[in-house]
Amino acid sequence: MMRTITKGIAALAVAGVLSCAGAARAEYPEKPLRIVVPYTTGGVSDAVTRLIARRLSDEVGQPIVIENQGGANGQIGSSTVARSAPDGYTFVVVVMAHAINPSLYKRMAYDPLRDLRGISLFGRIPMLLVSSGKLPPRSLAEFIAWARANPDRATFASSGAGSGAQLTAEKFAQENGLRITHVPYKGVAPAMGDLLSGQVAAIFDSVQTMMPQVKAGKLRALAITSAERWPAAPEVPTMEEAGVPGFALGSWIGMLAPSGVPDALAARMSTAVQRVLDQPDLRAQLIEYGVDPVGGKPEEFDRFIASEAQRWAKVIAEAGIRLE
């Protein structure tokens, strides 16, 4: 009888070991991940995604494939992911445009706020307000006075209609009683040429994109929208310091998944991203790119996106912006 019991215990022990081994093999993720960047290569969102993905691949123990699917202010790539299987293997990296698109477009192929769910807010991206070096204003106060006196010349460039740069400029104008003209370009590069020549007056864009021309003396950095001075541009005052209080806003970047992804898988990826963002050398690299690392839980990112959608819907309505 004792021998039978002993054999039974041994069999259960072996079964337990095999069960644990099977669970380990099946532990998520067990195949490569796919991250869609809904913008072309070479931009800040693409560069930041690739920087984080390299570390994230090590963290989760699987390769990560990056796909660029640009177009329609981020809608093409985002809609692809929204229609993907909610198995935790396909993600999309979005920026501020994700939250403002529902207010800009009358019809969309997907619902940004319902068909995708939060994984992690990679970070906030403060916007640098720069003016052409060909214009007389040398400070934010002088620029506001100049723009009020010269509404026909108060032109703001952006990388495209409905972009975060345009919306930030519109909110800036609304809060400072300015009448501005938006000049959209197909990317920052063509906008830069006209900005340098003085064909357009100013632009809101990332620190990483604008500071090289500022340091070369071709553009003037008037203020930054971060709450504190930026480490990579310590000489540039915040909006508060420059005389425009309460304008600590800007773009952001983060990762989403199809809405049906289970909470456990979303939490697993969110935790992995947080571990990556907590690496000191990566944080320093992100700050150089103009990104303030954040992280956080999936539900926190969802709430943040909802609040951003509400904030910018008011700006869009007041400015009368509508895209088709």
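No hydrogens, no waters, no symmetry mates; every other heavy atom, side chains included, goes into these values.
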query = Any chance CZ of Arg138 has more than 12 other-residue heavy atoms, nucleotides or ligands included, within less than 6.0 Å?
reply = no

task = For the residue pair Phe204 and Phe247, categorise the inter-ring angle as parallel (less than 30°), tilted (30 to 60°) or perpendicular (more than 60°).
result = tilted

Min side-chain heavy-atom separation Tyr105-Arg322 under 4.5 Å = no

key: Salt bridge flag under 4.0 Å for residues Lys297 and Asp302   = no

Nearest heavy-atom neighbours spanning Leu178 and Ile144 = CD2-O, 3.8 Å

message = Using only atom types and a distance under 3.5 Å, with no angle test, would you say the side chain of Ser131 pairs donor to acceptor with the backbone of Ala202?
response = no

ask   = Minimum heavy-atom separation for Thr209 to Ser206, with atom names?
value = OG1-OG, 2.8 Å

Expected list for residues 164-174: side-chain donor-acceptor pairs under 3.5 angstrom, two or more places apart:
from	atom 1	to	atom 2	distance (Å)
Gln166	OE1	Gly162	N	2.6
Gln166	NE2	His182	ND1	3.3
Thr168	OG1	Gly164	O	2.8
Lys171	NZ	Glu175	OE2	2.9
Gln174	NE2	Val315	O	3.2

inquiry  = Just by distance, no angles: are the side chains of Asp281 and Gln285 close enough, under 3.5 Å, to form a donor-acceptor pair?
reply    = no

query = Strictly under 6.0 Å, is that where the ring centroids of Trp252 and Phe122 end up?
reply = no

inquiry  = side chain to side chain contact (heavy atoms under 4.5 Å, CB included), that's the test. Do Gln274 and Ser120 meet it? Break it down for me.
reply    = CA-CA 8 Å; Gln274 188 69 65; Ser120 177; 5.6 Å; no

query = Which heavy atom of Ile119 sits nearest a heavy atom of Leu256, and at what distance?
reply = CG1-C, 4.0 Å

ask   = Is a side-chain N or O of Arg283 found less than 3.5 angstrom from the main chain of Asp292, in a donor-acceptor match?
value = no

inquiry  = How long is the straight-line distance from CD of Gln310 back to CG of Leu113, given to the nearest 0.5 Å?
reply    = 9.5 Å

note = Closest heavy-atom pair, Ala191 versus Ser158, reported as atoms and distance to 0.1 Å, is CB-O, 4.3 Å

inquiry  = Can you tell me how far apart CG (Leu33) and OG1 (Thr90) are? Round to the nearest 0.5 Å.
reply    = 8.5 Å

inquiry  = Is it true that, when you exclude Arg220 itself, more than 12 heavy atoms of the residues, nucleotides or ligands shown sit nearer than 6.0 Å to its CZ?
reply    = yes

inquiry  = Taking Gly88's backbone N and O only, do any of them form a donor-acceptor pair with Tyr28's side chain (distance below 3.5 Å, no angle check)?
reply    = yes

key: Donor-acceptor contact present, side-chain Thr238 to main-chain Glu241, <3.5 Å   = yes

inquiry  = Test your reading of the model: is there a side-chain donor-acceptor pair from Arg275 to the backbone of Ser270, 3.5 Å cut-off?
reply    = no

query = In the hydrophobic clustering that connects Ile, Leu, Val, Met, Phe, Trp and Tyr at side-chain heavy-atom distances below 4.5 Å, which members other than Val207 occupy its cluster, ordered by chain and number?
reply = Leu128, Val130, Val183, Tyr185, Val188, Met192, Leu195, Leu196, Val200, Ile203, Met210, Met211, Val214, Leu219, Ile224, Trp230, Val236, Ile287

inquiry  = Is it true that Glu142 and Trp146 share a donor-acceptor pair across their side chains at a distance under 3.5 Å?
reply    = no

query = Going by heavy atoms in the side chains, are Asp87 and Val261 under 4.5 Å from each other?
reply = no

query = Do any N or O atoms from the side chain of Thr225 and from the backbone of Leu249 form a donor-acceptor pair under 3.5 angstrom?
reply = yes

task = Mind listing the closest non-hydrogen atom pair of Ala161 and Leu323 along with its distance?
result = O-CD1, 3.6 Å

inquiry  = Using side-chain heavy atoms (C-beta onward) and a distance below 4.5 Å, is Leu129 in contact with Phe156?
reply    = yes

ask   = Are any non-hydrogen side-chain atoms of Val294 and Arg124 less than 4.5 angstrom apart?
value = yes

request  = Report yes or no: does Ser78 contribute a side-chain atom to a donor-acceptor pair with the main-chain N or O of Gly74 at less than 3.5 Å?
outcome  = yes

task = Kindly say whether Ala201 contributes a backbone atom to a donor-acceptor pair with the side chain of Thr155 at under 3.5 angstrom?
result = yes

key: Arg34 side-chain N/O to Tyr89 backbone N/O, donor-acceptor pair under 3.5 Å   = no

ask   = Do any N or O atoms from the side chain of Arg54 and from the backbone of Ile64 form a donor-acceptor pair under 3.5 angstrom?
value = no

